[in-house]
Enquirer: 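Before I ask anything, here is the structure I am working with.
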2 protein chains.
Amino acid sequence: MHPLQALIKKFSPINSNEWELLYEKCTEVTIHKGDFFIKQGRVETRIGFIITGSFRQFYINPSGEELSTYFFFEHNLVSSYISCITGKTSLISIQAIEESTLLVFDYTHLASLFKDYPNWQLFGRKIAEYLLAGIEERMVGLLADNPEERYRKLLASPDKQKILERIPQQYIANYLGITPISLSRIRNRINK
Amino acid sequence: MHPLQALIKKFSPINSNEWELLYEKCTEVTIHKGDFFIKQGRVETRIGFIITGSFRQFYINPSGEELSTYFFFEHNLVSSYISCITGKTSLISIQAIEESTLLVFDYTHLASLFKDYPNWQLFGRKIAEYLLAGIEERMVGLLADNPEERYRKLLASPDKQKILERIPQQYIANYLGITPISLSRIRNRINK
DNA sequence: GTAATTTCTTAACAATTGTTAATTCAACAG
DNA sequence: CTGTTGAATTAACAATTGTTAAGAAATTAC
């Protein structure tokens with residue numbers, strides 16, 4: 001089974017016919033390290049499934065600082081879902097951290113499947129819920145934990161190894177809401 | 001026009017017939033200061049429109065700390081929307097800060113309107129988007145700003161006066177992710 | 001392969017926060 | 001009205017973070 005199909009099945013019991021309706025509209029895209037899949041300020045309707053590689057999602061705030069909000073690795077979806085559903089310009093950028101390949105389809109096609117296929121509509125709702133739940137958990141962590149605790153939780157997460165080995169420190173630091181210098185000190189403290 | 005109807009019209013162009021379909025199912029409820037409208041750990045399907053009063057939304061984390069995530073005042077909706085759409089137990093509690101009156105309806109009734117009335121379905125989608133956008137903005141603030149900046153932004157928000165006059169400091173403090181003591185110092189610093 | 005650039009680490013200092021504890025102030029019940 | 005409880009402020013100290021700057025390490029470009 002295609003890994004994207006397997007992912008979708010975790011959310012909704014699509015059958016192989018329904019799967020083909022999406023798969024036939026997919027195209028494979030290569031994104032070089034440092035290049036952007038989604039750009040802040042553009043209307044972005046593409047959704048990408050990561051076959052290989054990694055990405056970071058980040059905001060640029062009015063002061064010009066970059067704030068990494070998520071990291072994504074192979075066999076996950078990347079998109080500006082808010083831009084897809086609202087049709088407004090994206091608030092976030094998504095940039096390749098490594099040389100990456102994506103399977104890309106358009107939200108407008110997915111939305112057309114919502115209308116005719118209850119299983120696809122179910123998938124759409126579950127994805128929205130998944131995003132909402134994820135962002136809530138992130139917010140609670142930022143409210144409740146201090147930087148060191150946030151780093152410890154990152155060390156306890158399933159993506160620990162991928163993040164530590166494949167994401168530069170500076171991005172991990174602003175993911176945690178601290179400076180790279182402070183992260184360096186925390187790492188030093190913990191390794192003693 | 002009823003204030004709830006006015007709020008809904010900001011999201012979707014419902015007509016007066018469609019409005020009546022919801023309004024006839026509403027009941028008025030009084031909630032005493034300190035009492036709960038939504039309780040963490042229960043499946044909560046009710047949605048309340050605040051006629052008068054104020055509420056705070058908060059988590060209790062595994063350590064037993066309360067983390068205020070939002071404040072709500074008159075003419076706003078309160079609910080555990082995630083519990084409504086997932087049917088799972090609520091992750092948050094919503095407690096009355098003042099003696100309050102609510103106009104209450106059930107999500108299951110709203111969901112039945114989604115099926116038959118495109119304007120109501122549009123309303124449902126817009127509400128979900130509104131929540132997602134709101135929580136993203138909150139997360140960015142927590143990542144990008146230090147406590148004093150977060151308090152300054154609160155002072156610049158439209159709800160400034162309501163929050164300062166009607167919400168106890170301790171709740172404002174854990175809304176900002178700091179201790180009441182630290183908030184007291186920040187207030188002291190700014191007033192000089 | 002080497003130079004140039006960027007990233008990461010370490011240090012020192014200033015500023016901020018958390019913690020504990022005492023005091024003042026406000027709210028509430030009887 | 002009064003006593004009790006809880007909330008907010010202030011102080012002192014320890015711990016943490018941000019900042020500036022310098023040097024080491026790693027990466028990138030040519």
Side-chain angles (χ1 to χ4, degrees), chain A residues 31-35 53-54 56 58 61 63-68 71 95-100 141-155 162-192, chain B residues 31-35 53-54 56 58 60-61 63-68 71 95-100 141-155 160 162-192:
Chain A
I31 307 212
H32 300 294
K33 179 176 180 175
D35 285 354
S54 58
R56 71 175 180 123
F58 66 97
N61 72 8
S63 313
E65 296 163 313
E66 291 185 0
L67 305 167
S68 299
F71 303 119
Q95 181 188 33
I97 286 178
E98 305 168 309
E99 183 86 1
S100 302
L142 287 170
L143 264 179
D145 303 329
N146 62 32
E148 180 169 331
E149 284 172 309
R150 293 205 287 274
Y151 184 65
R152 285 184 186 278
K153 283 193 180 173
L154 187 147
L155 291 181
K162 288 174 188 165
I163 290 175
L164 290 187
E165 291 176 1
R166 296 162 62 183
I167 308 292
Q169 303 273 9
Q170 56 176 327
Y171 300 148
I172 298 178
N174 64 36
Y175 174 82
L176 297 171
I178 56 177
T179 61
I181 294 153
S182 186
L183 175 57
S184 189
R185 283 188 291 224
I186 289 171
R187 286 159 55 86
N188 208 307
R189 265 203 314 267
I190 288 179
N191 296 335
K192 277 175 185 170
Chain B
I31 308 210
H32 299 294
K33 179 177 177 172
D35 285 353
S54 58
R56 71 175 180 122
F58 66 97
I60 299 174
N61 71 9
S63 312
E65 296 163 314
E66 291 185 0
L67 304 167
S68 299
F71 304 118
Q95 181 187 33
I97 287 178
E98 305 167 309
E99 183 85 2
S100 303
L142 286 170
L143 263 179
D145 304 329
N146 64 32
E148 180 169 331
E149 285 173 308
R150 294 205 287 274
Y151 184 65
R152 286 183 186 278
K153 283 193 180 172
L154 187 147
L155 291 182
K160 169 196 171 178
K162 289 175 187 164
I163 292 175
L164 290 187
E165 291 175 3
R166 296 161 62 182
I167 308 292
Q169 303 274 10
Q170 57 177 326
Y171 300 147
I172 297 178
N174 64 36
Y175 174 81
L176 297 170
I178 55 178
T179 62
I181 294 152
S182 187
L183 174 58
S184 189
R185 284 188 291 224
I186 289 171
R187 286 158 56 86
N188 208 306
R189 255 194 332 255
I190 288 179
N191 297 335
K192 279 176 184 170

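Only heavy atoms go into these numbers, but all of them, side chains included; no hydrogens, no water, no symmetry mates. Chain naming here is simple, since letters A, B, ... match the order of the sequence lines and numbering starts at 1 in each.
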Enquirer: Whole Å only: how far is the CZ atom of B:Arg189 from the C1' atom of C:dT16?
Expert: 6 Å

Enquirer: What is the distance from CZ of B:Arg187 to C1' of C:dT16, rounded to the nearest Å?
Expert: 18 Å

Enquirer: For the pair made of CD1 in B:Ile97 and C1' in D:dA7, what is the distance, rounded to whole Å?
Expert: 14 Å

Enquirer: Starting at NE2 of A:His32 and ending at C1' of D:dT28, how long is that distance when rounded to a whole Å?
Expert: 16 Å

Enquirer: Would you mind reading off the distance between B:Ile181 atom CD1 and D:dA8 atom P, rounded to a whole angstrom?
Expert: 11 Å

Enquirer: OP1 or OP2 of D:dT10 versus the side-chain N and O atoms of B:Asn188: is any pair under 4.0 Å?
Expert: yes

Enquirer: Salt bridge check: are B:Glu149 and B:Lys153 linked by an N-O gap of less than 4.0 Å?
Expert: no

Enquirer: Could you go through the ring-ring contact (aromatic ring centres under 6.0 Å, His included) check for B:Tyr171 and B:Phe71 one step at a time?
Expert: CA-CA 9 Å; B:Tyr171 300 147; B:Phe71 304 118; 7.3 Å; no

Enquirer: Under 4.0 Å from OP1 or OP2 of D:dT28: is there any side-chain N or O of A:Lys33 that close?
Expert: yes

Enquirer: Applying a 4.0 Å non-hydrogen cut-off, can you work out what B:Pro180 is touching in the nucleic acid: base, sugar-phosphate, or nothing?
Expert: nothing

Enquirer: If you pin A:Leu183 and B:Ser184 to their nearest nucleotides in DNA chain D, which one's is more 5'?
Expert: B:Ser184

Enquirer: Taking the side chain as C-beta and beyond, is there a heavy-atom pair between A:Ile178 and A:Ile186 under 4.5 Å?
Expert: yes

Enquirer: Find the distance A:Gln170:CD to D:dT27:P and express it as a whole number of Å.
Expert: 13 Å

Enquirer: Whole-Å distance between D:dT16 P and A:Ile186 CD1?
Expert: 9 Å

Enquirer: Could you tell me if the side chain of B:Arg187 sits less than 4.5 Å from the side chain of B:Tyr151, heavy atoms only?
Expert: yes

Enquirer: Checking contacts here: which listed nucleotide (D:dT9, C:dG18, C:dT16) is nearest the side-chain heavy atoms of B:Ser182?
Expert: C:dG18

Enquirer: Between D:dT16, C:dC8, D:dT19, which nucleotide gets closest to the side-chain atoms of A:Thr179?
Expert: D:dT19

Enquirer: In whole Å, I'd like the distance from the CG atom of B:Leu143 to the C1' atom of D:dG18.
Expert: 16 Å

Enquirer: Determine whether A:Ser68 and A:Asn174 make a side-chain contact, defined as any pair of heavy atoms from C-beta on separated by less than 4.5 Å.
Expert: yes

